[in-house]
Amino acid sequence: MSSEERRAIALLRRVPYGRIATSMRALPFVAPARHLVLDDRVVLRVHAGPGYHHACLGSVVAYGADNLGAADEDLWSVQFTGTAEPFHPTPDELERFGPAPHHVDGEPFEPAYLRIEPQFVTVHSLDYSTERHLRHAA
């Protein structure tokens with residue numbers, strides 16, 4: 001595993017949610033997902049209601065997460081691209097996912113689980129620290 005991949009995995013472990021993206025009937029879509037990192041693989045819990053998980057299975061997907069809403073001066077965004085496969089969590093893994101939402105868009109939440117073994121990993125860093133900014137401006 002490259003240092004960039006290790007850094008991306010470490011960052012992903014800092015936040016519980018992200019977004020999965022692929023296409024469905026030739027149209028792109030992005031959906032929220034809860035994630036865990038297990039053995040350097042990204043495991044997702046998504047809402048099965050709209051059928052997005054069916055479009056993801058066996059397809060190349062992108063999964064992104066970030067801390068862009070945080071008050072940190074060092075913001076980051078990671079993206080994992082790979083093929084989505086079905087995943088059957090153990091009772092311990094289900095517990096690690098934590099409580100599921102009761103409803104999504106007014107419908108009862110129905111979980112579907114996917115695993116992504118990353119083939120490409122990207123990390124983007126945004127530095128808003130004043131001290132560094134002042135050094136580069138001088």
Side-chain angles (χ1 to χ4, degrees):
M1 180 180 291
S2 73
S3 62
E4 183 87 345
E5 290 169 327
R6 281 193 298 277
R7 180 172 176 235
I9 291 288
L11 291 170
L12 189 63
R13 286 185 167 134
R14 294 182 185 181
V15 295
Y17 292 93
R19 291 154 300 284
I20 189 167
T22 194
S23 63
M24 188 168 160
R25 294 186 290 277
L27 297 172
F29 76 85
V30 176
R34 170 75 168 98
H35 66 259
L36 296 177
V37 177
L38 303 172
D39 299 324
D40 299 329
R41 290 186 179 96
V42 179
V43 178
L44 307 177
R45 180 180 68 195
V46 299
H47 177 43
Y52 294 151
H53 66 293
H54 291 299
C56 294
L57 291 174
S59 298
V60 173
V61 301
Y63 183 70
D66 58 62
N67 73 339
L68 299 179
D72 296 344
E73 290 181 341
D74 292 320
L75 300 176
W76 53 265
S77 174
V78 297
Q79 180 174 304
F80 297 82
T81 304
T83 304
E85 301 296 335
F87 179 73
H88 304 286
T90 66
D92 179 58
E93 291 162 346
L94 285 171
E95 188 174 315
R96 288 183 56 197
F97 270 110
H102 298 287
H103 293 87
V104 175
D105 300 328
E107 295 181 17
F109 179 76
E110 181 184 340
Y113 298 90
L114 305 170
R115 181 187 74 217
I116 303 170
E117 189 163 351
Q119 296 165 356
F120 301 102
V121 177
T122 307
V123 177
H124 297 283
S125 299
L126 295 88
D127 182 357
Y128 282 92
S129 65
T130 306
E131 181 180 312
R132 288 183 206 159
H133 178 70
L134 292 175
R135 274 196 312 237
H136 290 292

State plainly whether one hydrophobic cluster holds both [X] and [Y], where clusters connect Ile, Leu, Val, Met, Phe, Trp and Tyr through side-chain heavy atoms under 4.5 angstrom apart.
X	Y	value
Val123	Val37	yes
Val15	Val121	yes
Leu114	Ile9	yes
Phe29	Phe80	no

- prompt: What residues form a side chain to side chain donor-acceptor pair (under 3.5 Å) with Arg41, not counting sequence neighbours?
  reply: Glu117
Indicate yes or no: at least one non-hydrogen side-chain atom of [X] is less than 4.5 angstrom from one of [Y].
X	Y	value
Arg13	Leu11	no
Leu44	Ile20	yes
Val61	Thr83	no
Phe120	Pro118	no

Within the distance-only criterion (no hydrogens, no angle test), does the side chain of [X] pair as donor or acceptor with the backbone N or O of [Y] below 3.5 angstrom?
X	Y	value
His35	Val43	no
Tyr63	Val42	no
Ser23	Ala26	no

How many angstroms lie between [atom1] in [X] and [atom2] in [Y], if you round to the nearest 0.5 Å?
X	Y	atom1	atom2	value
Cys56	Arg115	SG	CZ	14.0 Å
Asn67	Leu126	CG	CG	9.0 Å
Asp66	Trp76	CG	CH2	6.5 Å
Arg45	His53	CZ	NE2	14.5 Å
Leu57	Thr22	CG	OG1	10.5 Å
Asp127	Asp74	CG	CG	5.0 Å

Could you pull out the closest heavy-atom pair between [X] and [Y], with the gap in Å?
X	Y	result
Pro50	Met24	O-CE, 3.7 Å
Phe109	Pro101	CB-O, 3.0 Å
Val30	Ala21	CG2-CB, 3.9 Å
Arg19	Ala65	NH2-CA, 4.2 Å
Glu110	His47	N-ND1, 3.3 Å
Pro108	His103	N-CD2, 3.7 Å

query: Do other residues, nucleotides or ligands put more than 12 heavy atoms under 6.0 Å from Gln119 CD?
result: yes
query: For atom NE2 of His102, is the number of surrounding heavy atoms from other residues, nucleotides or ligands below 6.0 Å larger than 12?
result: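 Not more than 12 within 6.0 Å, no.
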query: Does the side chain of Ser125 pick up a donor-acceptor pair with the side chain of Arg7 at under 3.5 Å?
result: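 The answer is yes; a qualifying pair exists.
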query: By side-chain contact (heavy atoms from CB on, under 4.5 Å), which residues pair with Ser2, not counting sequence neighbours?
result: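 side-chain contact (heavy atoms from CB on, under 4.5 Å) list for Ser2, sorted by chain: Glu4, Glu5.
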task: Could you walk me through whether Arg34 and Val46 pass side-chain contact (heavy atoms from CB on, under 4.5 Å), step by step?
output: CA-CA 7 Å; Arg34 170 75 168 98; Val46 299; over 6 Å; no
